[in-house]
Amino acid sequence: MKIVFMGTPAFSVSALDALVEAGHDICAVYTQPPRPAGRGKKLRASAVHARADVLGLEVRHPVSLKDPLVQSEFAALEADVAVVVAYGLLLPQAVLDAPARGCLNIHASLLPRWRGAAPIHRAIMAGDAETGVCIMQMEAGLDTGPVLTRRRVTIERTETTGSLHDRLAALGAAQIVETLAALDDLTPEPQPEDGVTYAAKIDKAEAKVDWSKPAVEVDALIRGLSPFPGAWTRVNGERVKLLGSYVVDEEGLHGAVLGGFRIACGTGAVQVTRAQREGKKPMDMGEFLKGFGFPKRIS
């Protein structure tokens with residue numbers, strides 16, 4: 001098929017590679033414009049932009065798709081379909097209607113659960129037992145379109161957003177190739193009205209750990225915000241990011257240090273398995289605990 005690919009972060013790259021490897025004609029790649037990044041705030045191209053350059057594909061990065069000229073240039077590509085993966089810009093109706101077979105979105109949740117910007121984070125933070133990938137026909141609403149295919153995966157007990165992100169990116173890449181191959185035989189399934197939830201963008205204000213909450217909630221927060229933005233707590237006045245954990249069957253006054261980096265919560269306790277001190281690299285507990293002293297309680 002003749003495909004317009006629309007994506008921006010690393011999550012999208014696997015799908016782009018899979019479509020190229022499957023022999024599809026990627027007539028253009030749309031991605032968000034380069035943004036200032038790093039200490040020097042130099043402009044940095046998106047992960048999709050960088051990969052498209054390596055693959056020798058045409059890259060376009062309009063600031064908005066609302067401009068009539070941008071829309072006409074998009075329509076002039078005469079694509080069979082647009083594949084959209086975490087693109088980050090709203091697609092106006094004129095863009096949705098331009099490809100002959102519409103726009104297909106790879107969404108990392110089991111719709112209608114976790115529509116919106118941060119479905120992987122939110123699934124772990126909510127303690128969901130499973131999630132997956134849906135290939136959806138796009139319409140004007142926020143992730144409201146009918147679903148063509150869905151694949152389910154179990155969320156493992158110590159899964160982080162980072163590890164689940166990688167699994168779902170690979171799953172979505174394989175799934176979009178399968179979906180396009182079977183497109184003529186698929187019947188779009190409207191999303192049910194029951195079970196709708198929204199995955200709001202992660203706010204950094206959510207990241208501070210409240211040790212008075214139950215251990216299962218603290219553990220889910222730590223794993224759901226790992227590796228970014230990272231849940232955090234203060235130890236000896238120092239801000240420490242917590243990047244991995246699991247629940248342990250111990251009790252104590254919330255915030256009490258029960259040994260190593262094992263902290264009592266409102267109910268139960270959490271064993272931190274990976275952490276990062278200010279100005280340091282992430283470390284597993286064996287390395288982290290060398291020369292690091294804990295108070296009797298943290299808050």
Side-chain angles (χ1 to χ4, degrees), residues 1-22 24-33 35 45-55 57-62 65 74 77 79-92 95-96 98-99 101-111 114-123 131-151 153 161-162 164-181 183 186 188 199 201 228:
M1 289 188 181
K2 189 177 183 183
I3 294 173
V4 175
F5 186 84
M6 310 179 81
T8 297
F11 184 83
S12 312
V13 172
S14 296
L16 176 59
D17 282 341
L19 292 169
V20 171
E21 291 169 9
H24 292 288
D25 174 16
I26 310 299
C27 57
V29 171
Y30 279 70
T31 190
Q32 289 203 42
R35 307 287 191 202
S46 73
V48 164
H49 189 156
R51 184 58 182 158
D53 282 346
V54 170
L55 294 170
L57 301 173
E58 179 187 349
V59 177
R60 299 179 180 182
H61 43 72
L65 297 174
F74 184 91
L77 293 167
D80 296 313
V81 67
V83 172
V84 184
V85 197
Y87 177 40
L89 288 182
L90 181 68
L91 272 59
V95 172
L96 292 171
R101 307 194 68 167
C103 300
L104 303 185
N105 178 241
I106 303 175
H107 187 76
S109 82
L110 297 175
L111 294 167
W114 301 131
R115 294 174 178 172
I120 302 176
H121 295 81
R122 296 297 176 188
T131 187
V133 172
C134 286
I135 308 295
M136 171 191 65
Q137 283 188 338
M138 296 183 71
E139 55 184 33
L142 176 63
D143 298 330
T144 58
V147 173
L148 289 167
T149 60
R150 65 175 67 229
R151 302 286 185 271
V153 299
T161 285
L164 185 56
H165 167 284
D166 293 348
R167 288 207 290 146
L168 294 182
L171 177 62
Q175 190 176 337
I176 188 61
V177 172
E178 295 168 4
T179 300
L180 290 174
L183 197 55
L186 296 173
K201 185 178 179 180
F228 182 83

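The structure presented is a predicted model; accordingly, all values stated were derived computationally and were not measured. Position 1 is the first residue of the sequence; numbering continues from there.
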Steps toward side chain to side chain contact (heavy atoms under 4.5 Å, CB included) verdict (Leu65, Met6): CA-CA 12 Å; Leu65 297 174; Met6 310 179 81; 3.9 Å; yes
Determine whether a donor-acceptor pair (N or O, by modelled atom type, separation under 3.5 Å) exists between the side chain of [X] and the backbone of [Y].
X	Y	result
Asn105	Val84	yes
Thr8	Gln32	yes
His121	Ala199	no
Arg150	Leu111	yes
His24	Met1	yes

Going by heavy atoms in the side chains, are [X] and [Y] under 4.5 Å from each other?
X	Y	result
Thr131	Val153	yes
Leu91	Cys103	yes
Gln137	Leu148	yes
Leu180	Leu19	yes
Leu77	Tyr30	yes
Val29	Leu55	no

Once rounded to the nearest 0.5 Å, what's the spacing between atom [atom1] of [X] and atom [atom2] of [Y]?
X	Y	atom1	atom2	result
Leu171	Ser14	CG	OG	10.5 Å
Ile3	Asp80	CD1	CG	8.0 Å
Ser12	Asp17	OG	CG	11.0 Å
His107	Asp143	NE2	CG	4.5 Å

Arg151 vs Glu178, side chain to side chain contact (heavy atoms under 4.5 Å, CB included): CA-CA, chis, key distance, verdict: CA-CA 12 Å; Arg151 302 286 185 271; Glu178 295 168 4; 3.2 Å; yes
Candidate pair Thr149 and Gln175, rule side chain to side chain donor-acceptor pair (under 3.5 Å), full reasoning: CA-CA 8 Å; Thr149 60; Gln175 190 176 337; 3.0 Å; yes
Worked verdict on Leu16 versus Leu57 for side chain to side chain contact (heavy atoms under 4.5 Å, CB included): CA-CA 11 Å; Leu16 176 59; Leu57 301 173; 4.0 Å; yes
Please find the pair of heavy atoms, one from [X] and one from [Y], that lie closest to each other, and give the distance.
X	Y	value
Ala18	Ala173	CB-O, 3.6 Å
Glu139	Leu96	C-CD1, 3.7 Å
Ser46	Thr31	OG-OG1, 2.7 Å
Arg60	Ala28	NE-CB, 4.4 Å
Ala123	Trp114	CA-NE1, 3.5 Å
Ala108	Pro119	O-CB, 3.4 Å

Leu168 vs Phe11, side chain to side chain contact (heavy atoms under 4.5 Å, CB included): CA-CA, chis, key distance, verdict: CA-CA 8 Å; Leu168 294 182; Phe11 184 83; 4.0 Å; yes
Pairing residues for Phe5 by the ring pair (Phe, Tyr, Trp, His ring centres under 6.0 Å) criterion, not counting sequence neighbours: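 For Phe5 there are no ring pair (Phe, Tyr, Trp, His ring centres under 6.0 Å) partners, ignoring immediate neighbours.
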